[in-house]
Amino acid sequence: MTNHWIDIRNSDYILAMGSNPVKNHPISYKWITKAVENGGTLISVDPCFTATSNKAQIYAPLRSGTDIAFLGGMIKYILDNDLYFKEYVRDYTNAAFLVDPGFKLPGDGDGVFSGLEGIKTEEGYVDAKYDKTTWAYQKDEKGIIKKDKTFKDPHCVYQLLKKHYSRYTPEKVSDITGTPPDKLLAVYSAYAKSGAPDKSGTVLYAMGWTQHTVGVQNIRAMSIIQLLLGNMGMPGGGVNAMRGESNVQGSTDHGLLFHILPGYLKTPRAAQQTFADYNAAYTPKSNDPLSANWWSNYPKYSASILRAFYGPKLSLDESYRYLPKLDTGPDYSWLTVFDQMYQDKFKGFFAWGQNPACSGANSNKTRHAMGKLEWLVNVNLFDNETASFWKGPDMDPAKIKTEVFLLPCAASFEKEGSISNSGRWMQWRYKAASPPGQALPDGDIVNELMSRVKTLYQTQKGVFPDPILKLSWDYGPKNAAGQVKHIEPHLVAREINGYFLEDTTIKDKVYKRGTLVPNFTMLSDTGATSSGNWLYCGSYNEEGNMAERRQKDDPSGIGLYANWAWSWPLNRRILYNRAAVDVNGKPWAPRKRVIEWQAETWKGDVPDGGWPPLAAAGKGRYPFIMQVEGHGSLFGPGMADGPFPEHYEPFESPLGANPLSPQFINPVLVRFDRISPSKNVNRRATNNSGFPIVCTTYRVTEHWQTGVMTRWQPWLAEMEPGLFVEISTELAELKNIRNGEKIMVHSARGSLEAIAMVTVRWQPFTVAGKTVHQVGMPYHYGWSTTAGRKYGAKDKKPEVFTFGDSANLITPNIGDPNTMIPESKAFMVDIVKKA
Amino acid sequence: MERMTLVIDVAKCTGCRSCQVACKNWNQLKGEQTENRGSHENPPDLSANTWNRVVFVESRDANGKIDMTFISDRCRHCEDPPCLEIGQSVPGAVVQDDSGAVIFGKKTREMDFDDLTSNCPYDIPRKNEATGRISKCTMCNDRVSNGLQPACVKACPSGALQFGPRQEMLRFASGRIEALGGDANLYPGEEHNVLWVLPESSRKYPLAQAPTGWKNYRVA
Ligand code: SF4
Ligand code: SF4
Ligand code: SF4
């Protein structure tokens with residue numbers, strides 16, 4: 001989230017789209033209620049009438065996978081009716097930037113942007129890639145971007161934006177989304193009111209936006225709207241991802257994904273052989289003196305993380321040499337990893353705190369891929385479909401050679417540490433109970449593993465032992481052999497914050513070697529400081545562990561609660577808050593002030609940099625400090641699939657053509673269905689009469705993720721005991737299905753047995769002149785807690801059995817080209833009554 | 001202890017069922033083997049192990065307007081409870097404490113279940129076939145007498161469940177009825193210590209109507 005949970009209460013217009021906060025983020029509704037009580041409007045846009053729609057003042061349905069069309073129509077509405085926030089857009093966004101005259105929009109030609117190179121088929125381009133030369137800005141002789149603040153130049157971003165979305169007329173949008181035009185206008189006109197300077201609108205989204213082949217562009221489309229309406233940086237504004245796990249924000253911040261190190265530093269690539277090459281590749285340059293270009297500090301953060309990894313004794317160059325490097329080219333995302341595993345390219349696999357047999361798209365493939373491993377380690381609280389994959393449905397244990405280890409671990413309540421919530425608040429938690437039996441906290445399992453791997457390297461050498469042998473590992477009391485006995489979470493938290501490694505004088509103050517660094521502005525690129533994650537520098541300082549703070553006072557009056565826990569970065573509660581004030585530092589919305597420039601200093605929240613406001617000649621800075629050029633990106637050339645979001649049909653669509661252009665689906669997808677030899681398991685059925693119904697997946701309040709924790713909990717299992725498919729009364733009639741009957745759901749990849757829930761909350765859509773039905777199902781189930789499976793003498797049985805298997809058995813393994821998140825929210829199925 | 005009342009503000013309920021789980025957790029009631037019957041509502045009925053159950057109602061009117069309503073169903077803790085009267089046959093089996101909570105004790109084992117249940121206008125008492133004990137919501141008298149809120153109230157994230165001194169709660173309920181306007185009403189009536197603020201006529205919901213004559217009411 002750019003903002004935080006409590007801040008929702010400051011909103012005047014709340015758009016819940018790609019999410020169902022009432023059901024899936026119940027506490028968010030508490031703050032939504034407060035906003036509505038203060039006169040705010042809740043708007044729900046969802047394929048199904050959800051519990052959120054039920055509480056909303058405005059509801060509009062849309063077909064899954066058409067959010068860009070819907071939002072593109074809103075952009076057109078805002079521009080056509082001149083409802084955008086003029087000064088904000090002019091001064092704080094890149095609307096005035098001039099783009100290369102060679103740049104072409106999809107509407108200029110065949111539905112793609114200029115620079116696409118790929119294979120042309122009857123569906124448009126496939127296996128394509130963009131050469132982004134024409135997506136660049138025009139620069140003057142000083143290397144500063146040329147701007148036209150009157151927005152008259154046809155090459156300025158504003159004009160391009162306007163031209164691009166001129167194609168998204170209400171009629172066209174309705175034709176694509178199936179949303180009745182009056183509902184479109186109801187949403188557009190309400191939300192556009194948040195463009196008034198003293199009003200703000202927020203968007204609450206979740207996996208309903210991300211899990212698409214255009215996932216990132218869905219969010220980009222909304223970011224454009226938020227910039228046009230001046231909602232970024234505002235209390236009650238922002239772009240707010242409601243995360244699906246209590247600590248997924250923290251785990252992402254700390255480098256969970258393959259392409260990032262902690263603090264969103266990049267994972268080195270093989271081509272970057274030296275530390276200098278690496279820093280040069282990722283340290284952006286701006287010639288504009290008014291741009292803070294925060295990432296120009298990259299070398300300080302990368303040097304500090306190397307120090308955290310390898311300590312002060314090695315040179316930075318040597319430490320860098322020890323970091324694993326990714327090959328240049330391939331991605332190492334989930335879908336690719338499992339494709340490689342399926343092709344027998346892996347020996348072993350750690351499935352840590354996860355259940356890929358149910359959580360991965362196209363789970364049949366995932367399950368069979370695991371059968372090709374020599375060994376598999378699953379670290380989990382309960383037995384699950386991954387640890388026991390070899391005895392699952394369609395598996396012949398006699399033929400599976402994989403040796404599986406299930407390591408029991410402590411639950412969150414059974415260990416101490418921090419979690420970072422969606423609002424970036426790092427909150428410390430204490431241990432409530434000891435873990436049962438042999439279960440250990442994850443950190444202690446890692447420690448044990450590390451110690452044994454190290455011993456192996458010490459005794460048997462190996463090809464490249466130094467990266468392991470020289471790794472610093474001072475996380476707890478040591479035994480006689482020098483091995484850490486158990487991990488002390490406070491030492492980890494302190495290392496994340498970082499230390500001065502030499503006596504250092506900053507602004508006449510001396511910081512002794514070994515003291516904690518007060519904040520990341522003091523980190524050094526020469527190796528004089530360590531910091532395991534620069535974003536968290538300041539979270540644990542000489543005054544103590546900031547995450548443990550529990551003061552309930554709120555001097556801000558807008559719910560910042562600055563002394564409750566700690567928020568990255570620097571305890572800033574609202575990101576981009578310099579955009580919430582005018583060029584003189586006065587709040588756009590004085591009644592909900594986040595920061596204000598008074599008597600030569602900033603009052604309120606920690607500002608996005610301490611420089612004076614933009615109007616201060618030469619001293620001010622543009623507000624979007626993380627962008628190289630300091631401006632909010634209406635034009636986003638960093639994307640793999642286009643600088644503006646464009647509607648493409650989902651990978652599997654009910655239509656034969658994209659109603660908007662000759663380009664059917666996103667042209668730059670990584671198509672596993674086109675890659676041999678695993679092609680046959682990556683099946684696709686689009687515009688196929690065998691699979692005529694759109695399907696989406698979602699969650700229920702009662703279960704969590706693949707259900708490993710909740711399916712074993714009898715009070716939760718009894719409430720949602722099994723896999724269901726929600727279908728409209730119209731479709732039920734067509735298919736002769738009665739409520740509560742067993743049905744089969746088939747996709748090109750698999751089949752599932754489920755209970756039909758016939759409901760008025762789903763309704764058919766009229767799309768491109770035809771009736772399109774959609775159904776939806778939860779993904780939480782799995783065979784291991786069912787009554788029908790075989791239980792061995794020693795197998796634990798759940799107190800309440802659940803019914804059905806994972807919805808991912810039928811989802812497609814196709815990913816967004818920017819993130820490779822799979823498209824679990826829009827794919828094609830058929831349903832039939834079970835014989 | 002003064003008379004206490006629990007108000008269920010149905011318009012605010014999101015159907016999250018925290019109250020249903022909190023009740024089982026506090027009272028250590030077993031989970032039941034259920035199945036999806038074409039509804040999110042489960043378990044299908046109150047039981048010796050389910051004292052509080054969220055009922056799901058959904059509808060689409062002639063204009064296509066869809067509505068979802070969630071109602072927590074449990075003992076009404078009648079002011080003058082018919083179950084207490086029939087309970088006199090076994091002293092100590094049914095008691096009402098100062099707070100107004102009507103509590104079924106261990107001695108309900110000695111009672112005739114049919115007698116007891118047929119005297120409840122709202123079909124609340126349930127028998128544990130294994131132990132013979134009859135049970136229902138206790139209004140968390142074990143928590144309330146120790147200064148705590150009922151478990152379900154504590155767990156409710158939406159503000160739909162409110163608990164406090166009777167007069168305060170009556171004022172709260174009438175304030176909410178006024179705010180909601182239209183057909184909003186108090187169910188089943190003031191002579192109960194658990195009160196529902198219903199946005200529409202109680203006949204629109206699957207709720208037993210309050211009897212006109214109190215005594216010896218038999219559920220049809
Ligand atoms: S609702 Fe039934 S069980 Fe509860 S107090 Fe009234 S009569 Fe007794
Ligand atoms: S008051 Fe106590 S016993 Fe009654 S429903 Fe609530 S939690 Fe259950
Ligand atoms: S906890 Fe509150 S909001 Fe949730 S179902 Fe119960 S009464 Fe409704």
Side-chain angles (χ1 to χ4, degrees), chain A residues 21-30 32-34 37 48-55 59 61 180 700-702 713-727 729 732 737-742 754-763 778 787 798-804, chain B residues 9-45 47 49-70 151 155-160 176 179 199:
Chain A
V22 169
K23 274 276 147 182
N24 297 135
H25 298 89
I27 305 301
S28 71
Y29 183 61
K30 189 172 171 166
I32 296 175
T33 307
K34 291 230 186 322
E37 279 167 8
C48 166
F49 186 91
T50 66
T52 305
S53 320
N54 193 46
K55 298 288 185 196
Y59 166 67
V700 297
T701 317
E702 292 77 4
Q713 202 337 309
W715 300 325
L716 298 174
E718 70 171 2
M719 289 194 288
E720 288 289 1
L723 184 66
F724 58 82
V725 181
E726 290 187 320
I727 66 178
T729 46
I737 290 167
R738 281 197 316 268
N739 190 30
E741 274 187 334
K742 275 206 178 136
I755 303 292
M757 279 178 72
V758 180
T759 172
V760 294
R761 292 178 292 102
W762 277 100
Q763 290 182 40
E799 249 174 78
V800 172
F801 294 110
T802 60
F803 162 81
Chain B
D9 190 347
V10 172
K12 284 211 175 126
C13 177
T14 61
C16 76
R17 296 195 273 195
S18 300
C19 55
Q20 193 174 313
V21 177
C23 179
K24 294 216 164 198
N25 185 13
W26 177 253
N27 295 298
Q28 289 296 298
L29 303 175
K30 277 201 168 333
E32 301 180 36
Q33 184 59 57
T34 55
E35 56 182 56
N36 188 314
R37 297 157 296 124
S39 161
H40 293 290
E41 185 185 301
N42 247 326
D45 192 11
S47 76
N49 280 315
T50 303
W51 300 349
N52 169 27
R53 193 178 79 94
V54 179
V55 176
F56 287 56
V57 190
E58 60 180 52
S59 61
R60 177 162 68 186
D61 71 12
N63 302 322
K65 191 177 173 316
I66 303 167
D67 178 70
M68 297 159 85
T69 301
F70 314 100
C156 177
S158 72
R176 282 294 294 153

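Since the structure is predicted, the reported quantities are computational estimates derived from the model, not experimental observations.
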Would you give the length of the straight line joining atom OG of B:S158 to atom CD1 of A:I32, rounded to the nearest 0.5 angstrom?
-> 12.0 Å
Supply the atom-to-atom distance A:Q763 CD to B:I66 CD1, rounded to the nearest 0.5 angstrom.
-> 4.5 Å
Drop me the distance from B:H40's NE2 to A:K23's NZ, to the nearest 0.5 angstrom.
-> 7.0 Å
Greatest number of heavy atom pairs closer than 4.5 Å to chain A - which of B:D67, B:N25, B:V21 = B:N25
Cut-off 4.5 Å, heavy atoms of chain B, and the answer for A:Q713 is neither
Between atom CD of B:E58 and atom CG of A:N54, what is the distance when rounded to the nearest 0.5 Å?
-> 9.5 Å
Are any non-hydrogen side-chain atoms of A:F49 and B:R60 less than 4.5 angstrom apart?
-> no
In terms of heavy-atom proximity below 4.5 Å to chain B, should A:L723 be classed as side chain, backbone, both, or neither?
-> neither
Counting distance only, does the side-chain N/O of A:W715 pair as donor-acceptor with the main-chain N or O of B:A22 below 3.5 Å?
-> no
Select one option (side chain, backbone, both, neither) describing which atoms of A:T50 are under 4.5 Å from chain B's heavy atoms.
-> backbone
Proximal component of A:T729, with respect to chain B [non-hydrogen, under 4.5 Å] = side chain
Roughly how far, to the nearest 0.5 Å, is NZ of B:K12 from OH of A:Y29?
-> 8.5 Å
Nearest atoms (heavy-atom pairs only) where B:N36 meets A:M757 | ND2-SD, 3.5 Å
Hey, is A:E741 close enough to B:R37 for a salt bridge, meaning N to O under 4.0 Å?
-> no
Might you point out which heavy atoms bring B:G31 and A:P714 nearest each other, and give the distance in Å?
-> CA-CB, 4.0 Å
Output yes when a side-chain donor or acceptor of A:T701 lies under 3.5 Å from a complementary backbone atom of B:C16, and no otherwise.
-> no
In Å, rounded to the nearest 0.5 Å, how long is the span from CD of A:E720 to CZ of B:R17?
-> 5.0 Å
So, the part of B:C156 with a heavy atom under 4.5 Å from chain A: the answer is neither
Winner by heavy-atom pair count (cut-off under 4.5 Å) against chain A, out of B:S39, B:G64, B:G159 | B:S39
Kindly indicate whether the side chain of A:P26, heavy atoms from C-beta on, has any atom under 4.5 Å from the side chain of B:T14.
-> no
Which atoms of B:S59 approach chain A - backbone, side chain, both or neither, heavy atom under 4.5 Å = backbone
Answer key: most heavy-atom pairs under 4.5 Å with chain B among A:L716, A:V760, A:I27, A:T33 is A:V760
A:F801 side chain reached by B:Q33 side chain, heavy atoms, under 4.5 Å | yes
Could you pull out the closest heavy-atom pair between B:T34 and A:A717, with the gap in Å?
-> OG1-O, 4.2 Å
Got A:E718 and B:K24 here, is their nearest side-chain heavy-atom distance under 4.5 Å?
-> yes
Kindly write out the residues that satisfy side-chain hydrogen bond (donor to acceptor under 3.5 Å, both in side chains) with A:N739, not counting sequence neighbours, or none if the list is empty.
-> none
